[in-house]
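This report concerns only the one structure given below.
The chains referred to below are lettered A, B, ... by the order of the sequence lines, with proteins before strands, and numbering in each begins at 1.
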Protein chains: 4
Amino acid sequence: MGEQWIQEILNLGEDEKMTPKQLAILQAAIEVFSDKGYSAAATSEIAQKAGVAEGTIFRYYKTKKDLLLSIVGPTMSRMIAPFVLRNFKGVLDIPFDSYEDFLRAFIVNRLEFGRKNFRIIKILIQEIPFQPALREQFVENILGKVVERVEKIVEHFKEKGEIVEIPTPAIIRFTVSSVIGFLLARLLLMPDKDWNDEEEIELTIRFIMHGISPDGIGSKTFK
Amino acid sequence: MGEQWIQEILNLGEDEKMTPKQLAILQAAIEVFSDKGYSAAATSEIAQKAGVAEGTIFRYYKTKKDLLLSIVGPTMSRMIAPFVLRNFKGVLDIPFDSYEDFLRAFIVNRLEFGRKNFRIIKILIQEIPFQPALREQFVENILGKVVERVEKIVEHFKEKGEIVEIPTPAIIRFTVSSVIGFLLARLLLMPDKDWNDEEEIELTIRFIMHGISPDGIGSKTFK
Amino acid sequence: MGEQWIQEILNLGEDEKMTPKQLAILQAAIEVFSDKGYSAAATSEIAQKAGVAEGTIFRYYKTKKDLLLSIVGPTMSRMIAPFVLRNFKGVLDIPFDSYEDFLRAFIVNRLEFGRKNFRIIKILIQEIPFQPALREQFVENILGKVVERVEKIVEHFKEKGEIVEIPTPAIIRFTVSSVIGFLLARLLLMPDKDWNDEEEIELTIRFIMHGISPDGIGSKTFK
Amino acid sequence: MGEQWIQEILNLGEDEKMTPKQLAILQAAIEVFSDKGYSAAATSEIAQKAGVAEGTIFRYYKTKKDLLLSIVGPTMSRMIAPFVLRNFKGVLDIPFDSYEDFLRAFIVNRLEFGRKNFRIIKILIQEIPFQPALREQFVENILGKVVERVEKIVEHFKEKGEIVEIPTPAIIRFTVSSVIGFLLARLLLMPDKDWNDEEEIELTIRFIMHGISPDGIGSKTFK
DNA sequence: CATGAATGAGTATTCATTCAT
DNA sequence: GATGAATGAATACTCATTCAT
């Protein structure tokens, strides 16, 4: 595993200086945290795996919890990148011709993201229930913003008659469940199965589009 | 909270002798494990909460891990109860007139189950990634059997033309994602929201049925 | 060194149960604290010297500081025992015929006390500047009460013309300095010198009595 | 607080080169040592307070203990300055007309000294019991010389009939106790009280002189 | 000279587990 | 059976000291 990706993942491209040791610590911590869980992970093991002295960890991160947050925080921010990027553009900030297009772009993008950030996301999911700091950040900064954004998109296509008149939260739930269900099956539950990603994505989109299309009307794509 | 339910939940009705102390230990363990996570839970706290001596726990359960498995194992078995109960009955073991009926029965039933076994399920989900024993049991005994059973149901209704000709694993995935998505939102993410369960269930069923119905055909119920 | 004295010193005679291990821990802690100072004392060394496991210390005392306070607190209380004992008796609670008698009784009594509680007093003095909890208790409960009591005695004998008309705080300071000066020299600075305690005490009393007697009048005893 | 006094205090006027950094380190060390005690003081905190890198301390002082001794040693020497200064002068090296004059000069002088060197003296007193090197230096170079010198003075005035025929060590003890008692009360115990130094000094002198005057004879000053 | 990253032995404290009572 | 005192290995974290830059 190269050392480039970590820079990229945690730094968001800003070139804050990160010493090789710090990188090694982060990498080792990600590994150990995701393998054993935060609580059961020993700083001594992280140190050993990173090839540094135990004390070195605490030069960079005041506490073990600090180390956790340093890993999980930036990734959490990047989770919503696609939802906020073009938010300022102008009146019509929905750059998709159909909900389908949105879904397709979204799934492909997040599948890639999930692939790269697999371990960190695992840590995040595992620890959210036990770390109030994490949960708060997640609910307020992530969930909130994503929902807000998707709400607009859903309502936009509701107006256009593409989506059935069902309460928006339910629509969002259906969409998100299906997408996450796919991502989990693909990356977590059965990563070794012989997946045909493109086809699987299209099937998932078909399912969602059929599911939320107004009665009597199929999606445009899938007649 | 009475002490009856625990008996019921963990004993599956078999009247194995369980002393009040043992019950207290289990109850306390469920609370502490689900609040802090297995690793971060202290047996001393469990003992205190159960009102027994620290040593007493280890009379009943050789190790802390043993205690975990004793809690989570039986519940895991009961998760699949509806899928195996009538499996032996005879040739035609599909007691549903439509996939919709199956879904409705299934969701209602598992919502109830989830409500009762909330904490234990939380523990189960949290610990599956870290306890090989758990994962093995889960994959082989639970996932396997459920999939096997649902496969038959799905294929049955495929033949009847109710379900579109898409690979069965995908159909199952769509179904399960949607149902679990509902259960999670209902019980975990937003338990305090003012839910109209019946309506929400019907919406979910509509979504799934539309999603998996063959092109051009809506579900029977939702025209 | 027997194990009786510790009971006596820390328990004030009440027979609260103290296991042999707890006694051993206290004894070892007194030794190590007084030899190395609180900060530089290692709980591991205390454990070793007490012949118990490190963990055992923390069954009895939640923290190292707790251990310190458990040692030093009770002795602090006993320091003022002679000053509060007969305080309730009645109107005339000064059971001495002269300031001289008071001094004599006091010095003999506290010399004995100092001999027995030498190490603990050393710890107390060393740590008072750094432990706010200690300082507070000392100033309020000890210093306050002693001063209050001695003030009355001094003023009593001022009225009788035995003590010169000088501000009482100064009289107290002179008395206490001289007594403590003796005790320190006797017990701390030169414990190995060949002391004639009785004579030395009489000299000290003579010094104080001469020093505070009204001009032109010697003490009764020392013409 | 300027940076001059430190030079003065630690250097005894000799102009050994001392960089500003070294001065800052010493100043910071005095502060931290006296606030937290030697053992509990962290070199990192000293470095931070001094505005230098952690490593810099160890350029000037090989070890933490070295730093302590560098602070406390010179002050210890200066404690006895008044006792050795004119020791070489000639036969009659007692430049006081009476013990009273000696006391007065001595108390005033040492009060000033104590005021300036408060923190260092506190460190010294705190650490003498735990640092053999310090204790040795103190007993041999300080205590010894002071006693030697004061012995001569006391015996001089004994011969003149000003001081009662009591063993000299006792006389010294009385004197020193009373003086130190005053200094401690004045500077350490109750520094914020509204002191009238001049009057308080005269009272103390009166106490001592009365205390050690031969029977039947008051001091010259205080009839 | 000065830095501060790096070290690793040492710290107080926790905790699952044992076992004599 | 039930207890809880005792254990000791393991834990997160600190800190005086070193050394390459």
May I ask you to say what C/Ala47 touches in the nucleic acid, namely base, sugar-phosphate or nothing, with a heavy-atom cut-off under 4.0 Å?
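Nothing: the residue C/Ala47, judged by heavy atoms under 4.0 Å, touches no strand.
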
Would you mind classifying the nucleic acid contact of C/Ala41 as base, sugar-phosphate or nothing, using non-hydrogen atoms under 4.0 angstrom?
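C/Ala41: backbone/sugar contact only, no base atoms under 4.0 Å.
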
Given [options], which nucleotide is nearest the side-chain atoms of [X]?
{"X": "B/Thr63", "options": "E/dT17, E/dT3, E/dA6", "answer": "E/dT17"}
{"X": "B/Ala42", "options": "F/dT17, E/dA16, F/dT3", "answer": "E/dA16"}
{"X": "B/Thr56", "options": "E/dT13, E/dT17, F/dA2", "answer": "F/dA2"}
{"X": "A/Phe58", "options": "F/dA12, E/dA12, E/dT17", "answer": "F/dA12"}
{"X": "C/Lys64", "options": "E/dT13, F/dT3, E/dG4", "answer": "E/dT13"}
{"X": "A/Ser44", "options": "F/dA6, F/dC13, F/dT11", "answer": "F/dT11"}
{"X": "A/Thr43", "options": "F/dA12, F/dT3, E/dT13", "answer": "F/dA12"}

Length of the [atom1]-[atom2] vector between [X] and [N], whole Å:
{"X": "C/Leu68", "N": "E/dT11", "atom1": "CG", "atom2": "C1'", "answer": "17 Å"}
{"X": "A/Lys21", "N": "E/dT7", "atom1": "NZ", "atom2": "C1'", "answer": "9 Å"}
{"X": "C/Tyr61", "N": "F/dA5", "atom1": "OH", "atom2": "C1'", "answer": "14 Å"}
{"X": "D/Glu54", "N": "E/dA5", "atom1": "CD", "atom2": "C1'", "answer": "10 Å"}
{"X": "C/Ile46", "N": "F/dG8", "atom1": "CD1", "atom2": "C1'", "answer": "17 Å"}
{"X": "D/Tyr38", "N": "F/dC15", "atom1": "OH", "atom2": "P", "answer": "13 Å"}

Heavy-atom distance under 4.5 Å between the side chains of D/Lys36 and D/Glu45, does that happen here?
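A side-chain contact exists here, since the closest heavy-atom pair is under 4.5 Å.
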
Indicate yes or no: at least one non-hydrogen side-chain atom of A/Leu26 is less than 4.5 angstrom from one of A/Tyr61.
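They are in contact (side-chain heavy atoms under 4.5 Å apart), so the answer is yes.
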
First encountered from the 5' end of DNA chain F, between A/Gly55 and C/Ile57
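Result: C/Ile57.
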
Let me know, please, whether C/Gln22 or B/Thr19 comes out on the 5' side of the other along DNA chain F by nearest nucleotide.
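The residue closer to the strand's 5' end, by nearest nucleotide, is B/Thr19.
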
Can you tell me the Watson-Crick or wobble partner of E/dA20, both distances under 3.5 angstrom?
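Pairing partner: F/dT3.
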
Is the distance from OP1 or OP2 of [N] to the nearest side-chain N or O of [X] less than 4.0 Å?
{"X": "D/Lys65", "N": "F/dA16", "result": "no"}
{"X": "C/Tyr60", "N": "F/dA6", "result": "yes"}
{"X": "D/Lys62", "N": "F/dT18", "result": "no"}
{"X": "D/Arg59", "N": "E/dA2", "result": "no"}

Is there a donor-acceptor pair under 3.5 Å between the side chain of A/Tyr38 and the backbone N or O of A/Lys65?
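At least one qualifying donor-acceptor pair exists.
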
Quick one: CD1 on C/Ile25 to CD1 on C/Ile30, what's the gap to the nearest 0.5 Å?
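The distance works out to 12.0 Å.
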
Side chains of C/Tyr60 and C/Ser70: any donor to acceptor distance under 3.5 Å?
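Absent: no donor and acceptor within the cut-off.
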
